[in-house]
Amino acid sequence: MGGLKKLKIKELSAYIKPGNRVFIGSNAAIPTALADAILEQAESLRDIEIVHILTLGDDRWTGPDYKDLFRINSLFLGAGARLAVEKGYADYTPCFLSEIPGLFTEGILPIDVALIQVSPPDSQGYCSFGVSVDIIPAACRSARTILAQINPRMPITYGQSFIHVDQITAFLEAEVPIPELEPAKLDKDSTRIGKYVAMLIEDGATLQMGIGKIPNAVLKALGNHKDLGIHSEMFSDGVLDLVEKGVITNRKKTFHPGKIVTTFCMGSKRLYDYVHKNPHVEFHPSDYVNSPTRIARNDRMVAINSAIEIDLTGQVVADSLGFQFYSGIGGQVDFIRGAAMSRGGIPIIALPSTAKKGSISRIVPHLTKGSGVVTSRGDVHYVVTEYGIATLRGKSVRERALELIQIAHPKHREWLLKKAQSTGLIPAHQKIDVLPVDEMEDLDVIKLKLGDGKYFLRQLHPSDENRLQEFFYSQEADIVLPNNPKPQARISRTDAYALVHSQDDRDFTLCVVSRQGPREIIQGLIYCKITKKKTEAELALMVRRSKRGLGIGQQLLQECLHTAKKRHLQTLICNVLPTQATMLHLLKKFKFQRQEELVDGEVRMELKI
């Protein structure tokens with residue numbers, strides 16, 4: 001290795017002095033042999049500040065045995081650092097991942113010594129940072145001393161991923177396995193969340209996501225998509241399956257087309273073998289990859305991030321549990337804002353509706369005391385749980401609260417409603433309808449591909465009052481209300497309220513909506529109201545005139561029959577005017593039989609289920 005100096009463990013104190021700030025490399029590229037050497041020489045290396053982000057593997061230096069020798073300053077908390085911060089003998093510095101390199105290079109948090117792990121040098125003398133670039137290049141630029149662990153097992157990755165041996169002060173050879181990360185096992189809730197998130201993702205989109213159950217579930221649900229791309233601070237094994245299926249091609253990316261762009265990866269040996277000398281994957285520093293303006297250069301950028309809890313106005317807690325710090329800010333805000341700036345971008349917060357086996361709601365009336373907001377209510381566009389999708393952008397706080405209550409766990413919805421009413425967030429008269437538990441087994445949102453685009457079929461929600469009025473008032477003809485097929489001059493807010501709030505537990509209203517970004521537009525609806533006979537229900541069906549002929553009415557009626565059967569109804573009735581020829585034709589197609597002509601000229605159509 002030319003003139004590169006080999007490091008001897010006993011000489012470590014010649015490079016690291018008391019009072020130094022020492023950086024330890026990140027994630028799966030942690031230089032374990034160098035870290036062990038520091039621990040062996042701990043007594044002669046007192047008063048050292050150790051700085052790092054997440055480290056995968058054994059982080060013994062965060063343990064209580066070393067609390068009087070080292071001071072840990074973690075910029076993102078893993079298990080060991082989390083406990084050390086909680087116990088008070090370590091520090092946590094909150095910061096955006098995009099801004100950490102600047103802390104080093106601008107002298108705000110200057111580094112004296114950088115401990116890194118790299119591949120052996122090539123014929124030109126360049127070593128690769130391998131599976132973790134992130135903040136390491138900036139630490140190296142800031143440090144006066146760079147000590148490298150050279151590992152033949154470190155993959156060689158491309159991008160801004162190299163350091164020349166001339167920059168390395170001394171090295172230590174250590175051939176050790178790269179730490180692996182077992183994939184999180186999916187459960188029923190994460191699978192449902194993944195399917196809902198996948199509904200928001202269009203072909204040709206570029207994705208950012210992390211690790212864990214929800215990202216894995218999203219990737220699994222994207223098997224039928226086309227030409228997806230990756231621009232993410234990290235990725236793991238789930239991406240490989242979609243690459244092999246031809247789903248992830250990166251062809252439609254508008255920034256670094258044809259390339260997976262990332263700052264680090266963590267996963268199995270299969271993943272590390274995939275990135276080794278792969279020209280289709282580029283690793284860049286976090287101030288490059290996580291820059292919101294660069295993220296926004298990807299059209300249709302989809303950012304998928306999680307949360308610990310979210311309040312009814314949309315404030316997101318992601319790094320703390322009350323006064324206890326749990327993880328870090330990381331790249332969440334970088335990508336949420338970058339996706340929001342992207343043309344056709346979709347920023348998503350996805351989380352399970354509950355914690356501790358369902359006993360605690362993650363959607364809360366107000367944030368837990370001591371918790372900090374990572375993502376502001378103004379940044380949140382979509383929130384997804386296993387109970388659906390809440391759209392928050394452009395919504396009033398009342399509408400936001402209703403949207404979020406609707407995707408909370410059913411057993412917590414009434415409590416959330418009462419809390420929101422007690423603070424004036426929601427009017428006292430407001431109700432929240434909850435589907436019977438046996439009807440929640442299937443997704444209650446259906447994605448449709450009709451003649452002129454994509455639509456969603458779902459229940460009408462309490463937050464749809466304004467959308468409902470917009471739907472009726474946008475009709476070219478006069479308004480038709482349930483229970484009265486004759487044209488009306490207007491629909492009041494009271495009428496709209498009655499449509500979205502069931503009088504009987506088995507009443508329901510379904511709608512088909514289209515999306516313009518985060519805005520949902522009702523294109524058709526069907527209302528099913530239980531009569532006094534209890535086993536019988538009256539229907540009213542309406543489709544926007546400009547959307548007739550696409551099959552919206554047929555989809556609504558088909559799902560209405562499916563729901564009616566679940567609710568043990570025996571008869572469906574629909575009163576139709578003779579002039580409504582299209583409606584009559586549709587009802588006959590579904591085997592409705594003409595029963596009688598009513599006094600006012602209406603025709604009574606009936607179906608025995």
Side-chain angles (χ1 to χ4, degrees), residues 445-460 464 467-468 470-489 491 495-496 499 506-514 520-531 533 535-609:
V445 177
I446 300 171
K447 194 171 185 177
L448 307 174
K449 288 187 178 181
L450 303 177
D452 66 343
K454 295 180 181 178
Y455 298 83
F456 296 85
L457 191 158
R458 61 168 174 79
Q459 257 199 318
L460 202 68
D464 287 321
R467 292 189 193 104
L468 194 58
E470 289 173 1
F471 169 68
F472 278 113
Y473 280 120
S474 67
Q475 298 301 304
E476 293 86 346
D478 288 331
I479 297 160
V480 177
L481 292 175
N483 305 320
N484 187 356
K486 294 182 179 180
Q488 307 291 307
I491 177 172
D495 293 328
L499 271 175
R506 292 180 299 161
D507 288 354
F508 60 90
T509 305
L510 305 174
C511 64
V512 167
V513 302
S514 60
E520 287 189 328
I521 304 169
I522 295 176
Q523 305 292 1
L525 64 84
I526 190 166
Y527 178 68
C528 185
K529 181 174 177 58
I530 309 300
T531 69
K533 292 185 179 180
T535 59
E536 179 184 83
E538 293 183 355
L539 301 182
L541 174 63
M542 191 173 183
V543 177
R544 190 184 295 267
R545 274 197 179 184
S546 60
K547 296 294 183 180
R548 291 175 188 173
L550 297 177
I552 289 175
Q554 182 173 320
Q555 294 285 349
L556 284 166
L557 194 50
Q558 182 175 304
E559 189 61 24
C560 175
L561 289 175
H562 178 68
T563 304
K565 288 177 182 178
K566 281 190 171 184
R567 299 195 179 191
H568 307 294
L569 298 178
Q570 298 176 8
T571 307
L572 295 180
I573 299 166
C574 189
N575 297 332
V576 188
L577 292 170
T579 55
Q580 295 174 311
T582 304
M583 181 68 166
L584 283 166
H585 176 75
L586 179 61
L587 293 173
K588 288 176 181 177
K589 185 176 180 179
F590 277 81
K591 310 301 183 185
F592 278 75
Q593 302 295 318
R594 181 169 178 158
Q595 296 301 310
E596 60 179 314
E597 185 171 323
L598 304 177
V599 176
D600 56 4
E602 298 172 23
V603 176
R604 180 185 175 91
M605 303 292 290
E606 186 176 292
L607 175 68
K608 297 293 185 183
I609 301 176

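Everything numeric here is computed off the predicted structure, so don't read it as measured data.
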Nearest heavy-atom pair of [X] and [Y]: which atoms, and what distance?
X	Y	value
Leu572	Phe592	O-CE2, 3.7 Å
Pro578	Leu584	O-CD1, 3.9 Å
Asp464	Gln459	OD2-O, 4.2 Å
Leu448	Gln555	CD2-OE1, 3.6 Å
Ile522	Cys511	CG2-CB, 4.3 Å
Phe508	Cys560	CZ-O, 3.8 Å

Apply side-chain contact (heavy atoms from CB on, under 4.5 Å) to Leu607 and Leu561, showing your working. CA-CA 10 Å; Leu607 175 68; Leu561 289 175; 3.4 Å; yes
Taking the side chain as everything from C-beta on, heavy atoms only, tell me whether [X] gets closer than 4.5 Å to [Y].
X	Y	answer
Leu587	Leu557	yes
Leu539	Leu541	no
Arg548	Thr582	no

So does [Y] get a backbone contact from the side chain of [X], meaning a donor-acceptor N/O pair under 3.5 Å?
X	Y	answer
Arg567	Asp507	yes
Arg544	Phe471	no
Thr535	Gln570	no

- Among Ile521, Ile526, Leu457, which one satisfies side-chain contact (heavy atoms from CB on, under 4.5 Å) with Val512?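 Testing Val512 for a side-chain contact (heavy atoms from CB on, under 4.5 Å) against Ile521, Ile526, Leu457 leaves exactly one candidate, Leu457.
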Give a yes or no on whether a salt bridge exists between Lys608 and Glu606, defined as a side-chain N under 4.0 angstrom from a carboxylate O. yes
*Step by step, would you call Met542 with Tyr527 a side-chain contact (heavy atoms from CB on, under 4.5 Å)?*
CA-CA 9 Å; Met542 191 173 183; Tyr527 178 68; over 6 Å; no
